[in-house]
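Hydrogens, waters and symmetry mates are skipped; everything else that's a heavy atom, side chains included, is used.
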Amino acid sequence: MRGFPREVLESVWKIVDDVQSGGLKAALEYSKRLDGVVPEPHLVTPRQGGDPEVVSAALAAAKSLEALYSRISPPVAVDFYGGILRQILWKPVRRAALYVPARYISTLVMLAVPARLAGVEEVYVVTPPRGVSEELLAVAKELGVKAVLALGGPHGLAYAVFHMGVDVVAGPGGLYVQAAKYILSQYVGIDGIEGPTELVVYAEGVPPEVAVRGALAQLEHGPTSFAYLLSPDGELLKKAEELYIRERTSSMGPLKVKKVGGIDEAVSFIDEIAPEHLEVWGRREVAYRVRNVGAVSVNMPSPYLDYVAGISHVLPTGGTARWRGVITPLAFMKPIGIAEAVGELTLREAARKLAEYEGFKYHGEALR
C-alpha cells in the first residue's frame, strides 16, 4: 500500500480547510478553478429523462445487484447472561454521500443499491458538473437518491461533509478524491481508499485472446492501472503478451506475464499482490483458495462483473484487500450494543475488582 504524495495531501488539505470555513462560496470557486464550471444549481433533484436504453441497462444492473445484496442481513445477536439482556443491533447511518466519477452511471448503481438496502434515509450523489447527465439523474431517481451535488473532487466531498452533514462518504475516484476521503475520515466514515485499477488473471486451457481480453479492458482505465497474467503454459503467456503489445494504447497501464509452476504458486502470488480484481480461467479452484482479493470472476471477463454480475465494482486497491473486501450494505451500517439489567447482576464483584485494579475509584463506587 503506497501512501499519498506529500504535495497531494497538502493541496487537498487546503481545499478541505477552505471549503470547511468558506462553505458554498469556496466550493464554487474551486469548481470554477478546477472544472471550469460554476454549477447552477449546485444541488440537482433527480428526475426522469435521458436515453431510455441506457437507463434501462443501469436498472438491470441494479436489479442484479439487489438480488444478491438483499440477502446480506447482519444478524441481531441477543442473549441473557449474568442478569443482563445483551443485544447487538445494526443501524444504518442517516446520510451518505456517494462519489460517482463523471459519467460512471454503473458506479452510481454499485453504491446506491447497498446504501438503500442498508436503510440510509438520505442518499446524495457527489459528481463533477459534467457528470450530471439526464441519464444519471434518471437512474438516481429510480434508486432513491435525494439529490445530486454537482461538485466533484475534494471540494465536493468537503462540502457534503461539512455543509450537508453526511455520515459516510463512499466511492472510487482519482488520487485527489481519495486523498480527500483520507483527510475527511477524521470527521465521517469512509468505505476505504480506492486507487488505480488492478487485475490478476490466472489462465489455463483457454485461448490467449480469452486470457488477455479482461486485462486489456481493465488497463484502459489509465496508465496507473496494472495487470498480471499468470499461467503454467508458457506458450499461452507468450501469445497473450504479443496480443497486448499489438492492442495497447499510450493511455493503458502495463501488463506483466508470469509463468507459475501450479496452483499453489499462483495462489501464493495472488495473495501477496492482494489485487482488486481476479479473473480465473480454466481452474475454478483458484478462486476459492485465494484469501486476499476484492472480487473474482470465474470463466468470464471482469468487465461483466464491473457491470451486471451482481457484485459491486467498488473494491479495495493498493493491497488493502488484505483486510478489506467488496462494498456491501454493511458499509453504511454500524453495530450498537445494548445491555439491560433484567435480573440480579452476578458479575458486579468482578466489575468492582477490575475498577479497583485500574485505579478508578468512582467506577468502583458506582458498582456498589
Side-chain angles (χ1 to χ4, degrees), residues 2-46 92-104 107-108 110-112 115 120-133 136-137 140 145-196 314 317-318 327 331-332 334:
R2 293 176 295 175
F4 294 102
R6 181 181 297 273
E7 62 273 16
V8 171
L9 282 177
E10 290 175 350
S11 175
V12 174
W13 266 115
K14 179 172 178 11
I15 295 172
V16 168
D17 287 344
D18 287 349
V19 173
Q20 182 179 15
S21 60
L24 181 59
K25 181 180 179 181
L28 293 175
E29 287 175 354
Y30 275 111
S31 182
K32 182 177 181 180
R33 184 188 312 176
L34 300 175
D35 293 319
V37 178
V38 178
E40 181 59 45
H42 66 285
L43 272 178
V44 184
T45 302
V93 301
R94 188 178 299 277
R95 301 182 184 91
L98 313 179
Y99 194 86
V100 177
R103 296 187 63 82
Y104 280 40
T107 299
L108 166 59
M110 302 299 168
L111 293 167
V120 178
E121 292 180 20
E122 297 179 13
V123 176
Y124 298 94
V125 168
V126 179
T127 194
R130 67 183 183 280
V132 187
S133 66
L136 179 130
L137 292 172
V145 171
K146 185 175 179 66
V148 175
L149 176 63
L151 292 168
H155 50 291
L157 289 175
Y159 183 80
V161 169
F162 296 121
H163 303 288
M164 294 173 64
V166 301
D167 305 302
V168 167
V169 170
L175 183 62
Y176 285 82
V177 166
Q178 298 309 314
K181 287 171 63 181
Y182 170 75
I183 291 168
L184 292 167
S185 68
Q186 299 174 96
Y187 307 96
V188 296
I190 64 171
D191 56 332
I193 303 297
E194 287 89 26
V314 181
T317 63
I327 196 169
F332 304 98
K334 55 187 178 178

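- For the pair Asp191 (side chain) and Gly171 (backbone), a donor-acceptor distance under 3.5 Å is present.
- In this structure, Ser185 contributes its side chain and Tyr182 its backbone to a donor-acceptor pair below 3.5 Å.
- When all heavy atoms are compared, the tightest approach of Ala140 to Leu108 is N-CD2, 3.8 Å.
- For the pair Ala26 and Asp18, the tightest heavy-atom approach, listed with the atom from each and the gap, is CB-O, 3.5 Å.
- The closest side-chain heavy-atom distance from Leu98 to Val123 is below 4.5 Å.
- Side-chain atoms of Glu121 do not come within 3.5 Å of backbone N or O of Arg94 as any donor-acceptor pair.
- Arg6 CZ to Trp13 CH2: the interatomic distance, rounded to the nearest 0.5 Å, is 13.0 Å.
- A heavy-atom distance below 4.5 Å is not found between the side chains of Val177 and Val12.
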Could you tabulate the donor-acceptor pairs under 3.5 Å formed by side-chain atoms of residues 147-161, not counting sequence neighbours?
unit_1, atom_1, unit_2, atom_2, d
His155, ND1, Gly152, O, 3.1
His155, NE2, Gly152, O, 2.9

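- What you find for Tyr99 and Leu111 is that their closest heavy atoms are O-CD1, 3.5 Å.
- A donor-acceptor pair is defined here as one N or O able to donate and one able to accept, closer than 3.5 Å; such a pair exists between the side chain of Gln186 and the backbone of Ile183.
- Between Thr127 and Pro101 there is no side-chain heavy-atom pair separated by less than 4.5 Å.
- Annotation: side chain of Asp167 is not in contact with side chain of Phe332 (no heavy-atom distance under 4.5 Å).
- The backbone N or O of Ala27 lies less than 3.5 Å from no partner atom in the side chain of Ser31, so there is not a single donor-acceptor pair.
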(request) For the pair Gln178 and Tyr176, evaluate side-chain hydrogen bond (donor to acceptor under 3.5 Å, both in side chains) and give the outcome as yes or no after the intermediate values. (result) CA-CA 5 Å; Gln178 298 309 314; Tyr176 285 82; over 6 Å; no
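- To the nearest 0.5 angstrom, Arg130 atom CZ is 6.0 Å from Asp35 atom CG.
- Between the side chain of Lys181 and the backbone N or O of Gly192, at least one donor-acceptor pair lies under 3.5 Å.
- For the residue pair Tyr30 and Val19, the shortest heavy atom distance occurs at CD1-CG2, 4.2 Å.
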